[in-house]
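One structure is given below, encoded as structure tokens.
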Protein chains: 2
Amino acid sequence: METRQRQADRSRETKRKLMEATVECLVERGWSGTTTTEVAERAGVSRGAQLHHFRTRGELVAAAVEHVGAESVEVLKRRAEIAEKSTHAVVELIADFHASDLFTAALELWVAARTDPELREQVLELQARLGREVYGLALELLDVDDTRPGVKDAVQATLDLVRGLALANQLADDAKRRAHVVRYWARMLEEQL
Amino acid sequence: METRQRQADRSRETKRKLMEATVECLVERGWSGTTTTEVAERAGVSRGAQLHHFRTRGELVAAAVEHVGAESVEVLKRRAEIAEKSTHAVVELIADFHASDLFTAALELWVAARTDPELREQVLELQARLGREVYGLALELLDVDDTRPGVKDAVQATLDLVRGLALANQLADDAKRRAHVVRYWARMLEEQL
DNA sequence: AAACAAACAGTCAAGCCTGCTTGTAAATGG
DNA sequence: CCATTTACAAGCAGGCTTGACTGTTTGTTT
């Protein structure tokens, strides 16, 4: 019984290492720098082992996409639990989340998916799922009801805004300006809700 | 005199074709799909001619970056001239501009530049220049003065928002939702300014 | 313990991308 | 009118990436 588990665990662990290496690679080297060889090396796994678990590059990336999604939601929820519940704190939380490495990896996938049919399907699905989840979480954190007129627009605009801020933060460190805009937006939002 | 011009013209035309093919390729195939071979073929130019004008891939892309920048500003200004001057119309104009192919090409460069040191320098410079230009144009179009408190934040937030909207529009057609958010924000902005 | 399956290591061939080199025609300048 | 320069064509070499293939170890089942 135990031995049976041991192999399954080892297998899962290798897969996890490969997926995390993929994400790490996406962040550090970008989409085109994320080669199977590079990922295998980073994961400390042989090409053979990699190919055993993920037959093609596409499969590996698909798994990594899922991994990013699952991790994203989990991280955000965890942070939300310990966060202050003021409008400003919540907007800041969501904005900071979008400035993390996880968003960077997601952005790489997002952009790559635009011109990669196979990836596109997966990322579209992930986007929809993740989008809903984040939207719901935002509603919950802001403690508002989106059946009230205007609330839906306000929350959606907020999410679009933080995505735009995150984009501007990719090339240069934009934390200061971001904090400023977030403060402005939070005041704005508070009046609305 | 005429003959002297002929060669220079031909040269410039070939360069232009190569740069436009690069942008077109960025939009259709993305950064990693934008290979020198592909660009040369699209431009209807031999590899030799391409290499004659742009010794390296980096040089070609650098030129394309400039091309994107110049074209972006020009296009936006041209559209602005014939546009209505209401807050909603202006926000819509800027949002639509960010949903164009030009933005898609810029986004490809932007994301690629994050992990490409050489490209990074160029795109950072372009970003700063283009950012200022668009900001100035937004001020002008909205007919506001950014020395007045709050105006700067409002305009910056607007630009961040449209960038976020543009991002969401990359994978799936988001025009309907975008229009909705734009309308919402335009109302909001009008009160602010 | 023996047969079978899964995990893993290492190497190989095919394909693609980039930049270089050789070759040709046209244009410019003296 | 000729020498030189410029614009362009075409093919080639080296390097990298991907997926496949072969062999070995570890685990599972009976």
Side-chain angles (χ1 to χ4, degrees), chain A residues 1-22 24-26 28-64 108 112 115-119, chain B residues 1-22 24-26 28-65 108-109 112 115-119:
Chain A
M1 303 296 120
E2 240 183 67
T3 46
R4 171 166 25 190
Q5 203 60 17
R6 233 186 297 164
Q7 196 174 22
D9 282 348
R10 195 154 57 104
S11 188
R12 210 176 315 124
E13 174 63 12
T14 303
K15 277 189 175 178
R16 194 195 54 79
K17 276 197 286 190
L18 281 166
M19 290 185 298
E20 297 214 338
T22 304
E24 182 189 309
C25 205
L26 277 172
E28 280 183 35
R29 306 218 168 170
W31 171 255
S32 55
T34 302
T35 67
T36 54
T37 313
E38 177 71 23
V39 169
E41 274 174 19
R42 274 171 191 257
V45 161
S46 76
R47 292 271 293 117
Q50 178 185 44
L51 230 54
H52 175 69
H53 290 290
F54 303 103
R55 235 169 294 167
T56 67
R57 188 183 128 108
E59 250 182 59
L60 172 63
V61 172
E108 288 284 343
T115 50
D116 185 323
E118 201 185 314
L119 189 59
Chain B
M1 298 298 116
E2 239 182 69
T3 46
R4 172 165 24 188
Q5 205 60 13
R6 231 186 298 165
Q7 197 174 23
D9 281 348
R10 195 153 57 105
S11 189
R12 209 176 315 123
E13 174 63 12
T14 303
K15 278 189 173 178
R16 194 195 55 78
K17 276 197 286 190
L18 281 166
M19 291 187 297
E20 296 213 339
T22 303
E24 182 190 309
C25 203
L26 276 172
E28 279 183 36
R29 306 219 166 167
W31 171 255
S32 55
T34 301
T35 67
T36 54
T37 313
E38 177 71 22
V39 169
E41 273 174 21
R42 274 170 190 257
V45 161
S46 77
R47 293 268 295 115
Q50 178 184 45
L51 227 55
H52 174 69
H53 290 290
F54 303 103
R55 234 169 291 167
T56 68
R57 188 183 127 109
E59 250 182 59
L60 172 63
V61 172
V65 170
E108 288 284 343
L109 288 172
T115 50
D116 185 324
E118 200 184 315
L119 189 59

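We name chains A, B, ... by the order of the sequence lines, and we start the count at 1 in each one. Atom set for the values below is all heavy atoms of this structure, side chains included, hydrogens, waters and symmetry mates excluded.
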Using whole Å, report how far [atom1] of [X] lies from [atom2] of [N].
X       : N      : atom1 : atom2 : value
B:Gln50 : C:dT21 : CD    : P     : 17 Å
B:Lys17 : D:dA7  : NZ    : P     : 14 Å
A:Asp9  : D:dG27 : CG    : P     : 12 Å
B:Leu60 : C:dG19 : CG    : P     : 10 Å
B:Glu41 : C:dT18 : CD    : P     : 12 Å
B:Glu13 : D:dA7  : CD    : P     : 14 Å
B:Phe54 : C:dT18 : CZ    : P     : 15 Å

- In short, side-chain hydrogen bond (donor to acceptor under 3.5 Å, both in side chains) pairs touching residues 29-38 of chain A with sequence neighbours left out are A:Arg29-A:Glu38, A:Glu38-A:Arg42
- Message: Please determine whether the number of non-hydrogen atoms from other residues, nucleotides or ligands lying under 6.0 Å from atom CZ of B:Arg16 exceeds 12.
- Response: yes
- Can you tell which of D:dA7, D:dC8, C:dA7 lies closest to the side chain of B:Ser11? D:dA7
- Looking only at heavy atoms, which two atoms of B:Leu18 and B:Ala40 are closest? And how far apart? CD2-CA, 4.3 Å
- Side-chain N,O (A:His52) to OP1/OP2 (C:dA7) below 4.0 Å: yes
- Query: Along nucleotides 13-22 of chain D, 5' to 3', which nucleotides get a B, which get an S, and which get a -, given that the test is a protein heavy-atom distance under 4.0 Å?
  - Reply: ----SBBB--
- Query: Atom CD of A:Glu41 and atom CD of A:Gln50: how far apart are they, to the nearest 0.5 Å?
  - Reply: 10.0 Å
- Say you draw a straight line from OG1 of A:Thr14 to CE of A:Met19; how long is it, rounded to the nearest 0.5 Å? 10.5 Å
- Audit row: B:Val61, B:Leu26, side chain to side chain contact (heavy atoms under 4.5 Å, CB included) steps and yes/no: CA-CA 10 Å; B:Val61 172; B:Leu26 276 172; over 6 Å; no
